[in-house]
Visitor: 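Take this structure first; my questions come after.
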Amino acid sequence: MTENYILSRVERSTGIFELNRPRALNSLNPEMIDIIDNHLKQWAADDTVTQVIVYSNSEKGFCAGGDVRFAREVVINGTPELADKFFAIEYNMNGDLAHFPKPYIAIIDGVAMGGGLGISAHGSHRVITENAFAAMPEMAIGYIPDVGLPYMLQRMVGERGVASPALALFLVLTGWRLSPADMMWSGLATHFVPHAHIAKFHEQVITDGIDAAVERFASEIPEKSKLAELFDDIEATFNFASWAEIEAALAEHPNRDFVAIVREHIENSSPSAIVAATELMAAAAKCGDIRQELALETALGEVIRREPDFAEGIRAVLVDKCRNPHFSPATFAEVDPGKYRAILKPLTP
């Protein structure tokens with residue numbers, strides 16, 4: 001049954017991952033991650049496979065993330081090492097994907113969050129439609145940004161032509177929901193194809209290759225990016241290496257409307273997760289390869305998953321769906337960033 005959650009095959013010279021778990025919005029469980037990674041290894045070494053494409057056969061979206069409910073269950077059942085194994089396998093797959101030597105095309109026609117970005121954002125082509133949106137919502141579930149996004153987001157260039165660590169930090173700390181225009185402007189997406197043309201685009205990718213399909217179907221996105229409008233404010237307040245510095249910058253920032261947006265987005269977030277994520281992003285900025293950054297996630301994640309906010313956040317957001325978590329510590333002042341720095345420092349280049 002699990003094998004059917006991802007329909008993998010080769011058509012012509014294209015390796016295909018068809019996500020097929022619509023009831024869970026294609027959330028990735030351990031077996032699904034194994035399928036992707038095993039095929040990536042096979043197709044990387046197979047000269048008859050020239051490109052890989054991943055897409056969802058569900059109208060509800062691309063992939064809502066990793067199956068963190070599974071992780072919560074094993075943690076509260078006293079076997080957190082099973083969650084450690086799950087995330088270690090996923091992070092290894094993310095690294096393999098980032099180093100995949102052939103075109104890897106993700107078609108995002110709907111939601112892509114967390115682990116869904118882990119199986120798309122590291123590819124060479126991130127193709128979106130007007131139905132796409134993306135987010136890293138880990139702060140709300142008491143976790144850290146992961147699946148290699150702390151590395152990738154700080155290095156994506158987008159329409160500005162230059163990377164912005166401040167923008168990356170804003171995205172992971174606030175859980176900002178990126179619109180299609182935001183995704184294109186920031187560099188998270190590489191091409192826009194209208195939904196009405198996506199089936200023919202998909203077909204031409206397989207018959208003629210990704211370059212021909214992009215040339216025929218890619219177009220300009222018909223809307224403006226909200227992120228672009230906020231960029232100066234983001235640079236002024238998030239271009240720091242600690243949450244204490246960001247908080248101080250927000251307190252003094254003259255654009256109070258922007259500050260209100262930030263406060264609203266982090267209102268129900270775990271203070272510990274925000275502090276830990278800021279420390280992770282600062283360490284990730286020093287990494288020269290994604291596998292170095294994934295090692296940081298592995299070490300920090302094992303600690304965070306054993307803290308109470310992880311189980312509590314998933315309960316509030318995904319199990320009870322009350323959106324009223326009781327995080328502990330409850331304030332930023334009570335969180336010691338030193339304990340997270342101590343974990344990251346020995347692994348930071």
Visitor: Is atom CZ of Arg256 surrounded by more than 12 heavy atoms (other residues, nucleotides or ligands) closer than 6.0 Å?
Guide: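 It does: Arg256 CZ has more than 12 such atoms within range.
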
Visitor: Determine whether Tyr340 and Ser272 make a side-chain contact, defined as any pair of heavy atoms from C-beta on separated by less than 4.5 Å.
Guide: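 Result yes, sub-4.5 Å side-chain heavy-atom pair found.
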
Visitor: Assigning hydrophobic clusters by single linkage (Ile, Leu, Val, Met, Phe, Trp, Tyr; side-chain heavy-atom cutoff under 4.5 Å), is Met113 placed with Tyr151?
Guide: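 Result: no, two separate clusters.
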
Visitor: Between Phe217 and Phe192, does the ring pair (Phe, Tyr, Trp, His ring centres under 6.0 Å) criterion hold? Intermediate values first, please.
Guide: CA-CA 8 Å; Phe217 290 104; Phe192 172 78; over 10 Å; no

Visitor: Spell out, as yes or no, whether a donor-acceptor pair under 3.5 Å connects the side chain of Asp309 to the backbone of Ser328.
Guide: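 Looks like yes, one N/O pair under 3.5 Å.
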
Visitor: Among side-chain atoms of Ser8 and His39, is any donor-acceptor pair under 3.5 angstrom?
Guide: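 Short answer, yes.
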
Visitor: Please determine whether a side-chain nitrogen of the Lys or Arg among Arg9 and Glu18 lies less than 4.0 Å from a carboxylate oxygen of the Asp or Glu.
Guide: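 Looking at Arg9 and Glu18, the cut-off is met.
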
Visitor: When rounded to the nearest 0.5 angstrom, what is the spacing between CZ in Phe258 and CZ in Phe170?
Guide: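 Interatomic distance, Phe258 CZ to Phe170 CZ, rounded to 0.5 Å: 5.0 Å.
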
Visitor: Given side chains that start at C-beta, do those of Thr129 and Pro180 come closer than 4.5 Å, heavy atoms only?
Guide: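 They are not in contact (no side-chain heavy atoms under 4.5 Å apart), so the answer is no.
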
Visitor: Are the side chain of His265 and the backbone of Ile261 linked by a donor-acceptor contact shorter than 3.5 Å?
Guide: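 Yes; at least one donor-acceptor contact below 3.5 Å.
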
Visitor: Measure from the side-chain N and O atoms of Glu302 to the backbone N and O of Ala299, and report whether any donor-acceptor pair falls under 3.5 Å.
Guide: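 Here the side-chain-to-backbone pair does not exist.
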
Visitor: Quick one: do Met136 and Tyr91 end up in the same hydrophobic cluster if we chain Ile, Leu, Val, Met, Phe, Trp and Tyr together by side-chain heavy atoms under 4.5 Å apart?
Guide: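 Looking at the clustering, Tyr91 is in the same group as Met136.
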
Visitor: State, with a plain yes or no, whether a side-chain heavy atom of Ile144 is found less than 4.5 Å away from one of Val172.
Guide: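 Contact flag for Ile144/Val172 side chains = no.
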
Visitor: How long is the straight-line distance from CG of Asn268 back to CZ of Arg323, given to the nearest 0.5 Å?
Guide: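 If we round to the nearest 0.5 Å, Arg323:CZ and Asn268:CG are 8.5 Å apart.
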
Visitor: Centroid-to-centroid, Tyr143 to Phe87, below 6.0 Å?
Guide: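 Ring-ring flag for Tyr143/Phe87: true, centres closer than 6.0 Å.
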
Visitor: Between Pro337 and Trp243, is there a side-chain heavy-atom distance shorter than 4.5 Å?
Guide: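 Sidechains of Pro337 and Trp243: no contact.
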
Visitor: Working to the nearest 0.5 angstrom, can you tell me the gap between Arg155 CZ and Ser164 OG?
Guide: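 Reported value, rounded in 0.5 Å steps: 12.5 Å.
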
Visitor: Nearest heavy-atom pair of Thr278 and Leu169: which atoms, and what distance?
Guide: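 Scanning both residues completely, I find the closest heavy atoms to be CA-CD1, 4.2 Å.
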
Visitor: Hey, does the side chain of Arg72 reach the backbone of Ala311 with a donor-acceptor pair shorter than 3.5 angstrom?
Guide: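 Yes; judged by distance alone, with no hydrogens or angles, the pair exists.
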
Visitor: Quick one: pull up CD1 in Ile35 and CG in Leu7 and give me the separation to the nearest 0.5 Å.
Guide: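 Atom-to-atom, Ile35:CD1 and Leu7:CG are 9.0 Å apart.
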
Visitor: Is there side-chain contact between Leu188 and Met156, with at least one heavy-atom pair below 4.5 Å?
Guide: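 Result yes, sub-4.5 Å side-chain heavy-atom pair found.
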
Visitor: With a 6.0 Å cut-off on the ring centroids, do Trp43 and Phe17 count as close?
Guide: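 Yes: the rings meet the under 6.0 Å criterion.
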
Visitor: Between His122 (side chain) and Val147 (backbone), is there a donor-acceptor pair under 3.5 Å?
Guide: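 Yes; judged by distance alone, with no hydrogens or angles, the pair exists.
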
Visitor: Please report the closest heavy-atom contact between Phe86 and Asn29, naming both atoms and the distance.
Guide: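 Between these two residues, the closest heavy atoms are CE1-C, 3.8 Å.
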
Visitor: Can you find a heavy atom in the side chain of Ile16 that is under 4.5 Å from one in the side chain of Ile206?
Guide: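 In short, these two side chains touch, coming nearer than 4.5 Å.
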
Visitor: Report yes or no: do Thr14 and Glu11 form a side-chain donor-acceptor pair below 3.5 Å?
Guide: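 Glu11 and Thr14 do not have a side-chain donor-acceptor pair below 3.5 Å.
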
Visitor: For the side chain of Lys102 and the backbone of Val49, is there at least one donor-acceptor N/O pair under 3.5 Å apart?
Guide: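 Such a contact is found between Lys102 side chain and Val49 backbone.
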
Visitor: For residues Gln51 and Ser13, is any side-chain donor paired with an opposing acceptor at under 3.5 Å?
Guide: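 Judged by distance alone, the side chains do not pair up.
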
Visitor: How long is the straight-line distance from CG of Leu347 back to OG1 of Thr298, given to the nearest 0.5 Å?
Guide: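 Atom-to-atom, Thr298:OG1 and Leu347:CG are 9.0 Å apart.
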
Visitor: Where is the tightest heavy-atom contact between Ala140 and Val317, given as atom of each residue plus distance?
Guide: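 Looking at all heavy atoms of both residues, the closest pair is O-CG2, 3.6 Å.
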
Visitor: According to salt bridge (charged side-chain N to carboxylate O under 4.0 Å, His left out), does anything in residues 77-95 pair up with another residue at least two apart or in another chain? List the pairs.
Guide: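 Counting only pairs at least two positions apart or across chains, the salt bridge (charged side-chain N to carboxylate O under 4.0 Å, His left out) contacts touching residues 77-95 are Asp84-Arg305, Asp84-Arg306.
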
Visitor: Identify the heavy atoms of Ile304 and Gly142 that sit nearest to each other, and give their distance.
Guide: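 What the structure gives for the nearest pair is CG2-O, 3.4 Å.
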
Visitor: With a sphere of 6.0 Å drawn around CZ of Arg291, does it hold more than 12 non-hydrogen atoms of other residues, nucleotides or ligands?
Guide: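 Yes, the 6.0 Å shell around CZ holds more than 12 heavy atoms from other groups.
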
Visitor: Which heavy-atom pair separates Val68 from Ile314 by the least distance, and what is that distance?
Guide: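 Between these two residues, the closest heavy atoms are O-CD1, 3.6 Å.
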
Visitor: Compute whether any side-chain donor of one residue and acceptor of the other, for Asn77 and Thr79, lie under 3.5 angstrom apart.
Guide: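 Result is no, nothing qualifies.
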
Visitor: Report yes if the side chains of Pro103 and Ser124 come closer than 4.5 Å at any heavy-atom pair, otherwise no.
Guide: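 The answer is yes; the side chains approach within 4.5 Å.
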
Visitor: Would you find a donor on one side and an acceptor on the other, under 3.5 Å apart, between the side chain of Glu307 and the backbone of Val303?
Guide: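 A pair under 3.5 Å: no.
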
Visitor: Looking only at the side chains, is there a donor atom on one of Asn255 and Asp233 sitting less than 3.5 Å from an acceptor on the other?
Guide: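 The criterion, which ignores hydrogens and geometry beyond distance, is satisfied for Asp233 and Asn255.
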
Visitor: Around atom NZ of Lys345, are there more than 12 heavy atoms of other residues, nucleotides or ligands at under 6.0 Å?
Guide: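 Not buried by this count: 12 neighbours or fewer within 6.0 Å.
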
Visitor: Does either side chain, that of Gln204 or that of Thr207, offer a donor lying less than 3.5 Å from an acceptor on the other one?
Guide: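 Side-chain D/A pair, Gln204 to Thr207: absent.
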
Visitor: Restricting to side chain to side chain donor-acceptor pair (under 3.5 Å), what partner residues turn up for Trp185, sequence neighbours left out?
Guide: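 Testing Trp185 for side chain to side chain donor-acceptor pair (under 3.5 Å), a comparison that skips the adjacent residues, returns none.
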
Visitor: Is a side-chain donor or acceptor of Asn38 paired with a backbone partner of Asp34 at a separation under 3.5 angstrom?
Guide: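 Such a contact is found between Asn38 side chain and Asp34 backbone.
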
Visitor: Quick check: do Met281 and Gln154 have side-chain heavy atoms less than 4.5 Å from each other?
Guide: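 Yes, side chains in contact.
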
Visitor: Quiz question: by atom type and distance under 3.5 Å, do the side chains of Tyr55 and Asp109 form a donor-acceptor pair?
Guide: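 Short answer, no.
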
Visitor: Taking all atoms of both residues into account, what is the closest heavy-atom pair of Arg126 and Ser120, and its distance?
Guide: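 That closest heavy-atom pairing would be CG-O, 3.3 Å.
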
Visitor: Would you sort out whether Ser242 and Glu245 count as a side-chain hydrogen bond (donor to acceptor under 3.5 Å, both in side chains), showing the intermediate values?
Guide: CA-CA 5 Å; Ser242 71; Glu245 292 172 293; 2.9 Å; yes

Visitor: Give a yes or no on whether Ile128 and Val214 share a hydrophobic cluster (residues Ile, Leu, Val, Met, Phe, Trp, Tyr; joining criterion: side-chain heavy atoms under 4.5 Å apart).
Guide: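 No, because Ile128 and Val214 fall into different hydrophobic clusters, even though each may have its own neighbours under 4.5 Å.
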
Visitor: Once rounded to the nearest 0.5 Å, what's the spacing between atom NZ of Lys60 and atom CG of Leu25?
Guide: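 If I round to the nearest 0.5 Å, the distance is 6.5 Å.
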
Visitor: Would you confirm whether Ser56, through its side chain, and Ser58, through its main-chain N or O, come within 3.5 Å as a donor-acceptor pair?
Guide: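 Yes, Ser56 side chain to Ser58 backbone: donor-acceptor pair under 3.5 Å.
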
Visitor: Indicate yes or no: does Glu312 engage Arg315 in a salt bridge with an N to O separation below 4.0 Å.
Guide: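 So Glu312 pairs with Arg315 through a salt bridge.
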
Visitor: Within the distance-only criterion (no hydrogens, no angle test), does the side chain of Asn94 pair as donor or acceptor with the backbone N or O of Gly118 below 3.5 angstrom?
Guide: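 A pair under 3.5 Å: yes.
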
Visitor: Output yes when Arg21 and Asp67 qualify as a salt bridge under the 4.0 Å nitrogen-oxygen rule, no when they do not.
Guide: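 Counted as a salt bridge, because a side-chain N and a carboxylate O are separated by less than 4.0 Å.
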
Visitor: Do Asp182 and Lys226 meet the salt-bridge criterion of a basic N to acidic O distance under 4.0 Å?
Guide: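 Judged by the 4.0 Å cut-off on N to carboxylate O distance, Lys226 and Asp182 do not form a salt bridge.
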
